[in-house]
Amino acid sequence: MTARVRIAPSPTGPLHIGTARTALYNYLHARHVGGTFILRLEDTDRARSTTEFEKDILDGLHWLGLDWDEGPEVAGEPARGPHAPYRQMERLPSYEAAAQRLLGLDLAYPCYCTAEELEADRRAQEAARQPPRYVGRCAHLTVEERRAREADGRRGAIRFRVGEGTVAFDDLIRGRVEIDVANLGGDFVIVRADGTPLYHFTVVVDDAAMEVTDVIRGEDHLSNTPKHILLFRALGHEVPRFAHLPLILNADRTKMSKRKSQTAIDDYIAQGFVREALVNYLALLGWSTGTEEEILSLDELVERFDLGEVHKGGAVFDRERLEWMNGQWIRRLEPEDLIDRLRPFVEAEMVAGRIERMPTDEELRTLLPVIQERLPTLGAIGDLVGFLWVADVEVDPGTLVPKRWDPATTRDGLAAARQTIEAVGDVSFEADELEPPLRALAESRGWKAGDLFMAIRVAVTGRTATPPLFDTLVALGRDRVLSRLDRAIETLAA
RNA sequence: GCCCCCAUCGUCUAGAGGCCUAGGACGCCACCCUUUCAAGGUGGAGAUCAGGGGUUCGAAUCCCCUUGGGGGCACCA
């Protein structure tokens, strides 16, 4: 049978790094073995699920390039796949039917315990230093007792009978795992009193209905797997294979969380990380090819991926390494592609009021050779060359004076440079035309070229770190270079 | 508290009994290139393979224990 895998996010928050990585591994496995990749939305937590988050998650996964074969929408088109719908709130009847089946078999039963009773049990267990578990108060009610409670207006939740014995499975990543059902916390609720089904139940009903063969998910579900296996069996379905992925960790090695790390994919996108880098980085967080290759495209990853080689231990998320990888990918982008990707970030600078005009594509294209290798992220564009797109720059007199120079020398230097640059004329205002005369100027006055260049750099850009000076002067244009030099000279005269 | 999982440089990792005086990458430090910043190149510091017992002629690699870390134990997912 051909492999069927799925990613089943809950639309209760924006697309999380961990969800993206789980989706990626499912995708890589499906594509590697020629299987089917399914997307299913687990939206049974009505209180927290929203359509905004749903859209955010779908958009994020599309952005990463992790296209699915079956799901609530596929490639922008409406629900496709033999097992639609792919949104759990639209599959309620199937859970209802499954619950009735379990009830009929007495594999599940209605439970009328109140939140207060359960809370009291929990406190008592805690006081006795016992693990929390359902005490089974409603496990063996007679028909009359149930009827009496229903008559009281109490609506029962449905609990699944856990029974006795041990459940074992062969995890594709961890090997054999055995758990005594006595440690499962007692009979667990599969349907709330309000009739809505719970995660442990829906996940099994759906994985069975959608004929999922390999459940690839985070390690945080490992301890819950026996519950799922018990449900698969009770429902009379074949149990799928499981693969539990190592967790992505905060710097302190706890499960990655919003509090301690940046977890929303959106934020990475907004900062200018490119999909290739995110995919590449995430793929190698918990898995490696076994070779020393590390810059790999999605297709190359698919080709090399092997679930069995995935690590068992958690991996700390290292943003520095991601940034390095992002730089690697930015440098590999085709010029036109890079310009397309840069445009929204330049617009964002505009919106934020950090620049005063939009550069043309032609300007960006000209700039590319000197900025492509200087961008750690697309979002760094403003920092790098924003001074080109504002009317005037703030120049701090302190930084204007090179370390080995004094204010008077700086003023002389800038004045002389101004003359030299003006003499170049505007017909041939090119880097090749500017450099020789300015070097000659420095030499004739006994200045180190670097000092002169630094003074000019700060005068026209307001900063000490910029792309190469002559390219920068050309990008700025003769008029602005001259007027900024004038302003800087004034600053020193005062 | 109970159950489960995990354990190689600060971080991501290679390593599946001898090739390991443990390799690569990020980060860090030098140097080279160089008008600054990057990028690139070269080199360096950095892991007694968590600790202790075994097994073996031989262990980072296999077994056991200890320690440490993490995850799970909801009418959340």
Side-chain angles (χ1 to χ4, degrees), chain A residues 8-13 42-45 47-49 111 113-115 118 122 125-126 128-134 156-159 171 173-174 177-180 182-186 188-194 196-200 202-203 218-227 244 246-247 249 251-255 281 284-295 311-325 327 331 370-376 384 402 435 438-439 442 448-454 456-458 461 463-470 472:
Chain A
S10 288
T12 54
E42 309 220 323
D43 55 352
T44 55
D45 183 346
R48 298 194 296 147
S49 299
C111 169
C113 293
T114 62
L118 295 172
R122 206 185 319 279
Q125 285 156 350
E126 197 178 326
R129 308 174 103 214
Q130 295 292 313
R133 81 181 272 116
Y134 178 59
I158 300 175
R159 276 186 196 273
D171 191 278
I173 294 169
R174 278 143 222 286
V177 177
E178 283 182 53
I179 297 179
D180 190 326
N183 297 311
L184 261 30
F188 57 93
V189 175
I190 55 175
V191 179
R192 294 184 181 88
D194 70 3
T196 56
L198 255 14
Y199 168 75
H200 293 308
T202 57
V203 74
E219 191 197 332
D220 44 352
H221 289 291
L222 189 60
S223 304
N224 291 145
T225 301
K227 290 181 183 173
H244 288 93
L247 260 20
L249 276 22
D252 63 5
R253 304 204 75 89
T254 53
K255 181 162 81 164
Y281 178 71
L284 264 27
L285 233 207
W287 169 71
S288 80
T289 61
T291 69
E292 283 176 4
E293 326 174 88
E294 50 188 359
I295 301 301
H311 307 152
K312 297 173 181 162
V316 173
F317 187 89
D318 181 2
R319 191 193 163 93
E320 299 257 29
R321 194 171 152 82
L322 204 214
E323 280 194 19
W324 166 77
M325 207 168 257
R331 271 163 244 140
V370 294
I371 63 174
Q372 188 157 16
E373 67 195 27
R374 274 168 248 267
L375 287 170
L384 225 204
E435 185 165 356
L438 284 168
R439 279 194 188 280
K448 296 202 82 166
D451 290 334
L452 209 218
F453 295 170
M454 183 51 87
I456 299 172
R457 168 176 294 111
V458 175
T461 68
R463 30 182 70 230
T464 55
T466 71
L469 182 62
F470 306 105
T472 301

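Only heavy atoms go into these numbers, but all of them, side chains included; no hydrogens, no water, no symmetry mates. Lettering of chains follows the sequences in order, A, B, ..., and the numbering in each one begins at 1. Bear in mind that the values here come from a model prediction, so they are computed numbers and not experimental data.
Contact annotation: side chain of A/T254 to base of B/G70, donor-acceptor pair absent below 3.5 Å. A donor-acceptor contact under 3.5 Å links the side chain of A/R457 to the base of B/U35.
The ring-ring contact (aromatic ring centres under 6.0 Å, His included) search around A/Y134 returns none, not counting sequence neighbours.
Side-chain proximity of A/T44 to the nucleotides B/A77, B/C5, B/U36 is greatest for B/A77. Nearest nucleotide to the A/D318 side chain, out of B/G71, B/U36, B/G10: B/G10. Nearest nucleotide to the A/R129 side chain, out of B/C4, B/G1, B/C6: B/G1. If you check B/C3, B/G27, B/G1 against the side chain of A/I179, the one that comes closest is B/C3. Here the side chain of A/H311 is nearest to one of B/A14, B/G71, B/G10, namely B/A14.
At least one side-chain nitrogen or oxygen of A/K255 sits closer than 4.0 Å to the OP1 or OP2 atom of B/G72. Remark: A/R159 is in phosphate contact with B/C75, judged by side-chain N or O atoms under 4.0 Å from OP1 or OP2. Put simply, A/R321 has no side-chain N or O that comes within less than 4.0 Å of OP1 or OP2 on B/G24. A/R331 has a side-chain polar atom (N or O) that falls below the 4.0 Å cut-off from OP1 or OP2 of B/G40. When the side-chain nitrogen and oxygen atoms of A/R463 are compared with OP1 and OP2 of B/C37, none of them lie within a distance under 4.0 Å.
Pairing for B/A22 is absent, with no Watson-Crick or G-U wobble pair whose two atom distances lie under 3.5 Å. The pairing partner recorded for B/A14 is none, the criterion being a Watson-Crick or G-U wobble arrangement whose two distances lie under 3.5 angstrom. When both pairing distances are held under 3.5 Å, B/U56 makes no Watson-Crick or G-U pair with any nucleotide shown. B/A45: no Watson-Crick or G-U partner with both key distances under 3.5 Å is found in any strand.
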